[in-house]
Amino acid sequence: MPKENGRRAAGSGRRSAGATPKSVQRSGFRRFTRAVLIWGSALALLGLIFIGTAVFMTARELPSFSTLQSSQNGQMIVVRARDGSELVSLGPSYGKWLSYEQIPEIMKDAIVSVEDRRYRKHLGVDPIGVARSLMVRFESGRWRQGGSTITQQLARTIFLNNSRNFGRKIREGVLALAIESKFSKDEILELYLNKVYFGGGAYGIDAASRKFFGHAATELSTPEAAIIAGLVKAPSNYSPTADVQAALSRGKVVLGTMADVGVISEEEAESIDFDAVKIAKEKGQNSVRYFTDWALPQLDVLIPETNEPIEVWTTLDVSMQQAATQAINANLPKGAQGALVSLDEDGAVRAMVGGTDYVNTNYNRATSAVRQPGSAWKLFVYLAALEAGYTPDDRVVDEPVTINGWSPHNSGRNFAGEIDVRTAFAYSKNTVAAALGNEVGFGTVASMARRFGITTPIDTNPSMVLGTSEVRVIDLTRAFAAVSAGGTSIEPYGIVKVATTRGELLYEHEASPGQVLVPPYVAAGITDLLQSAVATGTGRAAQIGRPVAGKTGTTSSNKDGWFLGFSSGITTGVWMGRDDARPVPGLQGGRAPAAAFAAYMRQAVKDRPVQQFETELQLPEWQLEPDDEMIFGNPDEYYYTDENGNLIEPGSVRRTGPDEGGLRYDDGVRPGPGPVPGPGNLPDASRAPAAAGDDFLEQATGRGGQGDPGLRAGSSTPGSLRSGAAAAPQQGARNGPSQPLQYGSQSQ
């Protein structure tokens with residue numbers, strides 16, 4: 001027995017040495033668990049302290065509610081038409097700020113249902129939502145469901161960006177907790193619904209409602225609220241302006257979610273007809289954008305730099321813009337582009353079309369493109385000729401002409417012979433324009449074009465008289481507007497005033513008197529010619545039932561077609577052609593461009609009084625013939641000056657005997673600076689100074705010797721464009737240099 005006990009004891013000893021009792025294991029596990037709990041609690045406490053401190057410090061630095069109300073990201077520019085209606089809104093649009101009470105309940109319910117159904121139950125970060133998001137991520141292998149609350153989205157919208165990284169999520173969570181600690185749930189929801197991005201440049205529900213449905217957010221219906229609430233997930237994908245069907249489908253999903261939450265009943269969700277929702281048409285995405293692209297860059301020099309939202313009132317007339325767009329589209333040849341600029345009397349741009357479709361191509365052919373004007377350039381040739389002394393009734397010869405080896409021809413390849421200037425212009429005779437340009441000087445024609453606002457390079461080769469120098473539509477229209485203004489310069493402008501949304505005026509256009517470019521008789525003369533071109537010449541298609549003055553232009557091979565003219569204070573220029581400058585069959589200035597001009601102008605001037613043109617020429621004295629001078633009074637009533645330069649009024653001298661040069665005054669005293677003595681008579685002819693001889697006059701006026709033979713008044717030789725003895729004395733530009741000119745086979 002003792003041995004057995006001993007063996008048991010020995011065996012028992014061996015077991016205790018090779019195994020751990022269960023009580024010991026349990027004791028060790030408890031110690032480990034206790035340590036984990038202690039350290040975990042300590043770390044959690046430290047984390048809470050850290051987070052609490054971070055939240056506290058962040059909350060202290062958060063802006064006030066009123067500051068967040070007024071803060072905006074980016075500058076909004078609202079562009080208004082002449083009547084104050086909105087043309088387009090550029091940059092971020094914020095709409096009207098709505099207080100929590102003003103926001104429709106259905107809108108609040110919709111956004112909470114689809115974005116954060118536990119909104120009223122969390123403190124800014126929803127642990128349940130985060131866990132659900134992590135589970136979906138683990139199951140699908142990618143992020144398919146976000147765990148961000150409305151408060152987190154607000155924090156990201158105001159203070160952060162959309163980058164997806166762990167550090168940003170931590171900052172987002174801290175900000176969300178800070179926001180919840182500083183503002184109430186109602187205030188947070190108010191901020192969110194007024195600031196979150198809904199697509200199409202619209203920030204806030206009021207901007208979204210106005211953009212997508214055309215009315216204020218206070219009038220939102222249930223399906224409209226559902227559509228807007230559905231945009232937050234992916235604004236670029238679900239925006240009604242991007243994809244209407246996608247927006248409607250997403251709205252139905254939101255309605256289903258609202259029914260699941262219990263905001264609306266299943267029956268109500270099923271009864272809502274989304275087909276009845278009217279999506280507002282997108283504003284300002286076509287022809288009006290050509291105008292805004294031209295006008296808005298001018299703000300850089302018109303107003304001081306500002307980040308405030310501003311409103312820009314422009315000169316554009318909505319009805320005239322619509323008429324211009326329709327006129328171009330209705331008359332444009334197949335495959336061609338078109339441009340139109342229409343100016344009011346003071347230079348205000350009332351309509352501008354830069355192409356057929358802004359969405360497809362935003363290149364502005366009205367202000368940026370340069371094209372050859374063809375015969376429309378003859379405006380400057382004839383302006384120079386009229387200023388040099390020609391009149392519409394003067395006789396010229398339409399015959400073959402060669403200048404430095406260049407021989408222009410008329411479109412009909414025929415010659416009319418002796419015609420007047422008016423007819424030559426009306427029928428756009430190239431040979432006459434060439435001869436006139438040669439006579440007055442091609443540099444003079446170029447200077448006239450510069451004077452009237454042409455800013456593009458101008459060559460002075462003989463062919464320039466037929467419009468080989470490229471121009472912009474707006475510049476050439478400006479030149480015709482200056483003629484309409486009686487020869488006074490016109491400066492096109494598009495901005496009337498600029499103000500902040502708070503009402504502070506930043507800029508207002510001030511009218512300034514234009515510069516006189518040509519004498520009134522020259523403006524009257526060219527208007528006479530332009531009116532004849534429409535009444536009887538190449539521009540007959542531009543007639544609108546009231547006085548119209550204008551000019552056609554067609555380049556070689558019908559690459560460009562122009563018509564420019566004015567009526568009742570409105571000046572309009574039309575261009576048509578291809579961007580690649582290829583020929584357009586049948587494109588002539590007197591056809592499609594003139595027809596588009598007429599279609600537009602009938603609408604543009606329909607409410608304006610009919611204006612007759614001032615075409616009566618009041619010629620200057622140097623241009624009057626001696627016989628014509630008789631109609632202005634008796635020569636005895638002319639003023640004279642004596643040999644010392646003293647003024648002698650009519651009738652102040654008489655034949656009473658010799659006195660200082662053969663003249664005697666009534667009181668025997670020479671006139672001084674005071675009143676001229678009383679009535680008298682002309683001096684004795686035998687005592688009058690001798691008249692200047694013909695040789696002296698020819699040398700003084702440049703009409704003799706080696707002077708330009710084309711300046712000989714009354715000459716019918718090949719060196720003179722005029723025929724017969726009706727030519728008047730010339731001056732100024734007429735005496736400028738000219739090129740060797742040949743008429744027919746004779747050279748001069």
Side-chain angles (χ1 to χ4, degrees), residues 290-291 293-295 297-298 301 336-343 347 349 352-355 361-384 430 433-434 437 440-485 487 489-494 514-515 517-518 526 550-566 571-582 587 589 593:
Y290 290 112
F291 170 78
D293 285 357
W294 168 75
Q298 301 170 26
V301 296
Q337 278 286 350
L340 179 150
V341 174
S342 188
L343 305 177
V349 177
M352 178 181 289
V353 177
T361 167
N362 61 7
Y363 181 60
N364 195 335
R365 296 156 189 86
T367 60
S368 299
V370 289
R371 302 296 289 254
Q372 291 184 348
S375 291
W377 183 268
K378 291 175 183 175
L379 172 77
F380 307 117
V381 178
Y382 280 81
L383 277 168
N430 292 337
V440 301
F442 303 116
T444 301
V445 176
S447 297
M448 182 65 71
R450 278 278 183 263
R451 199 189 306 178
F452 272 75
I454 300 301
T455 58
T456 45
I458 304 173
D459 67 59
T460 53
N461 296 321
S463 61
M464 64 92 72
V465 299
L466 303 186
T468 57
S469 297
E470 295 178 329
V471 298
R472 296 183 177 89
V473 177
I474 192 170
D475 286 349
L476 198 52
T477 306
R478 173 189 182 185
F480 277 77
V483 174
S484 176
S489 64
I490 293 296
E491 185 68 33
Y493 71 98
Q515 179 183 359
L517 304 177
V518 291
I526 197 66
K551 185 71 183 74
T552 59
T554 308
T555 61
S556 61
S557 302
N558 293 348
K559 295 178 181 178
D560 303 272
W562 297 74
F563 188 88
L564 304 102
F566 50 86
T571 303
T572 300
V574 175
W575 167 86
M576 293 180 181
R578 290 177 60 96
D579 288 337
D580 58 9
R582 291 171 56 188
L587 178 61

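This chain uses plain numbering: 1 for the first residue, then up along the sequence. Every value quoted in this text rests on a predicted model; they were computed, and no experiment measured them.
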What is the minimum heavy-atom distance between [X] and [Y], and which atoms define it?
{"X": "V381", "Y": "A433", "answer": "CG1-O, 3.6 Å"}
{"X": "A482", "Y": "S489", "answer": "CB-CA, 4.3 Å"}
{"X": "S342", "Y": "T572", "answer": "OG-OG1, 3.0 Å"}
{"X": "V440", "Y": "T444", "answer": "O-OG1, 3.0 Å"}
{"X": "D459", "Y": "S469", "answer": "N-OG, 3.1 Å"}
{"X": "V445", "Y": "G437", "answer": "CG2-CA, 4.4 Å"}

Does the side chain of [X] reach to within under 4.5 Å of the side chain of [Y], using non-hydrogen atoms?
{"X": "M352", "Y": "N364", "result": "yes"}
{"X": "V341", "Y": "W294", "result": "no"}
{"X": "P593", "Y": "L564", "result": "no"}
{"X": "Y493", "Y": "Q298", "result": "no"}
{"X": "D579", "Y": "Q337", "result": "yes"}
{"X": "M448", "Y": "V518", "result": "yes"}

Under 3.5 Å donor-acceptor, [X] side chain and [Y] backbone:
{"X": "R451", "Y": "L517", "result": "yes"}
{"X": "S375", "Y": "T552", "result": "no"}
{"X": "N461", "Y": "S463", "result": "no"}
{"X": "D560", "Y": "G577", "result": "no"}
{"X": "T554", "Y": "G589", "result": "yes"}
{"X": "R472", "Y": "V370", "result": "no"}

From the options I474, V473, D475, select the one residue that forms a side chain to side chain contact (heavy atoms under 4.5 Å, CB included) with T477.
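Going through I474, V473, D475 one by one, the side chain to side chain contact (heavy atoms under 4.5 Å, CB included) with T477 is satisfied by V473 alone.
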| query | Yes or no on side-chain contact (heavy atoms from CB on, under 4.5 Å) for Y290 and R365, after CA distance, side-chain angles and deciding distance? | reply | CA-CA 9 Å; Y290 290 112; R365 296 156 189 86; 4.1 Å; yes
Rounded to the nearest 0.5 Å, how far apart are [atom1] of [X] and [atom2] of [Y]?
{"X": "L343", "Y": "F566", "atom1": "CG", "atom2": "CZ", "result": "12.5 Å"}
{"X": "R450", "Y": "I458", "atom1": "CZ", "atom2": "CD1", "result": "4.0 Å"}
{"X": "F452", "Y": "L379", "atom1": "CZ", "atom2": "CG", "result": "7.0 Å"}
{"X": "W575", "Y": "R371", "atom1": "CH2", "atom2": "CZ", "result": "4.5 Å"}

(request) May I ask you to decide if the ring planes of F380 and W377 are parallel, tilted or perpendicular, using 30° and 60° as cut-offs? (result)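 Ring orientation, 0 to 90° scale: perpendicular.
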